[in-house]
Every structure is written in structure tokens, then in C-alpha cells.
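What follows is a short report on a single structure.
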Amino acid sequence: MPQQSKYSDSQFEAIMHDIIIALEKHQANRDLSLMVLGNLITNIFQQQVGDNQREQMAEQFTQVLLKSINGK
């Protein structure tokens, strides 16, 4: 998701690499990968985002994801 970030490129790339390696290690196909990542996102929202912000943040996340995959 191309977006300005407060995190360093190296930190982002290291975490992204670890996640990709884990999915490859388990030979996760597209559907399983999306299920795992979806559940991970749900867990982050439930554990790290307050009830009063959760829906709004999920909508913002969805919009950023749609823009990212549509190339806008």
C-alpha cells in the first residue's frame, strides 16, 4: 500500500519479508494466505483499536486497500 509512513522502509521491508517467508514455508495458496492475513487484521483491530474507532479505521483501511489494488 503506497502511503507516507512514519516507519522506516527497512523496518517495513523486514516485517513484510518475514510474513512472506512464513506463508511460503507453509505453502499457503492465495485463499489460505488471504484468510490468514484477514484474521491477522481482524485481531489487530480487536486488540489494538478501541471499540469507538474500530469501524472508522476498518473503513479507512478498506479504502486504502482498494486504492492500492486499483492503482489509484
Side-chain angles (χ1 to χ4, degrees):
M1 292 182 200
Q3 192 169 344
Q4 197 68 358
S5 177
K6 62 183 176 182
Y7 303 104
S8 71
D9 287 345
S10 61
Q11 182 183 26
F12 175 83
E13 292 296 330
I15 294 170
M16 181 81 139
H17 178 263
D18 290 347
I19 292 169
I20 290 170
I21 294 298
L23 293 172
E24 288 175 351
K25 174 184 172 187
H26 294 281
Q27 298 177 339
N29 64 15
R30 178 191 60 208
D31 293 340
L32 180 56
S33 295
L34 290 172
M35 287 172 55
V36 168
L37 294 172
N39 283 353
L40 177 60
I41 291 166
T42 298
N43 183 270
I44 291 168
F45 277 109
Q46 290 175 337
Q47 300 298 317
Q48 298 182 23
V49 179
D51 293 343
N52 58 337
Q53 294 180 305
R54 200 171 290 148
E55 186 173 343
Q56 180 184 3
M57 283 190 76
E59 287 176 8
Q60 289 172 340
F61 179 86
T62 301
Q63 291 304 313
V64 170
L65 176 60
L66 288 171
K67 286 180 184 178
S68 176
I69 62 174
N70 289 326
K72 296 180 181 178

- Query: Is Ile41 reachable from Val49 through a run of I, L, V, M, F, W or Y residues, each pair having side-chain heavy atoms under 4.5 Å apart?
  - Reply: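 Per the 4.5 Å side-chain linkage, Val49 and Ile41 are co-clustered.
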- Message: Holding to side chain to side chain contact (heavy atoms under 4.5 Å, CB included), I want the full list of residues that pass it with Gln60, two or more places apart in sequence or in another chain.
- Response: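 For Gln60, the residues satisfying side chain to side chain contact (heavy atoms under 4.5 Å, CB included) (neighbours in sequence not counted) are Gln56, Met57.
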- Task: Just jot down the side chain to side chain contact (heavy atoms under 4.5 Å, CB included) partners of Ala28, sequence neighbours excluded, or say none.
- Result: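 Per chain and number, Ala28 pairs via side chain to side chain contact (heavy atoms under 4.5 Å, CB included) with Leu23, Leu32, Ser33.
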- Enumerate the residue pairs fulfilling side-chain hydrogen bond (donor to acceptor under 3.5 Å, both in side chains) with a member in residues 7-28, sequence neighbours excluded, ordered by first and then second residue.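 Only Ser8-Ser10 qualify under side-chain hydrogen bond (donor to acceptor under 3.5 Å, both in side chains).
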- Message: Checking Asp51 now: which residues fulfil salt bridge (Lys or Arg N to Asp or Glu O under 4.0 Å) with it, not counting sequence neighbours?
- Response: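 So Asp51 forms a salt bridge (Lys or Arg N to Asp or Glu O under 4.0 Å) with Arg54.
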- Message: Please determine whether side chain to side chain contact (heavy atoms under 4.5 Å, CB included) holds for the pair Ile15 and Ile19, giving the CA-CA distance in whole Å, both sets of side-chain angles, and the decisive distance to 0.1 Å.
- Response: CA-CA 6 Å; Ile15 294 170; Ile19 292 169; 4.0 Å; yes
- salt bridge (charged side-chain N to carboxylate O under 4.0 Å, His left out): which pairs involve residues 34-50, sequence neighbours left out?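 Listed by first then second residue: nothing to list.
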- Message: Tell me if a side-chain donor or acceptor on Thr62 pairs with a main-chain N or O of Ala58 at a distance below 3.5 Å.
- Response: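 Judged by distance alone, yes, a pair lies under 3.5 Å.
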- Without swapping roles, check the side chain of Asn70 against the backbone of Leu66 for a donor-acceptor pair under 3.5 Å.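 Checking the backbone N and O of Leu66 against the side chain of Asn70, a donor-acceptor pair under 3.5 Å is found.
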- Gap between atom CG of Asn39 and atom CD1 of Ile44 - 0.5 Å precision: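 Going from CD1 on Ile44 over to CG on Asn39, the span is 11.0 Å.
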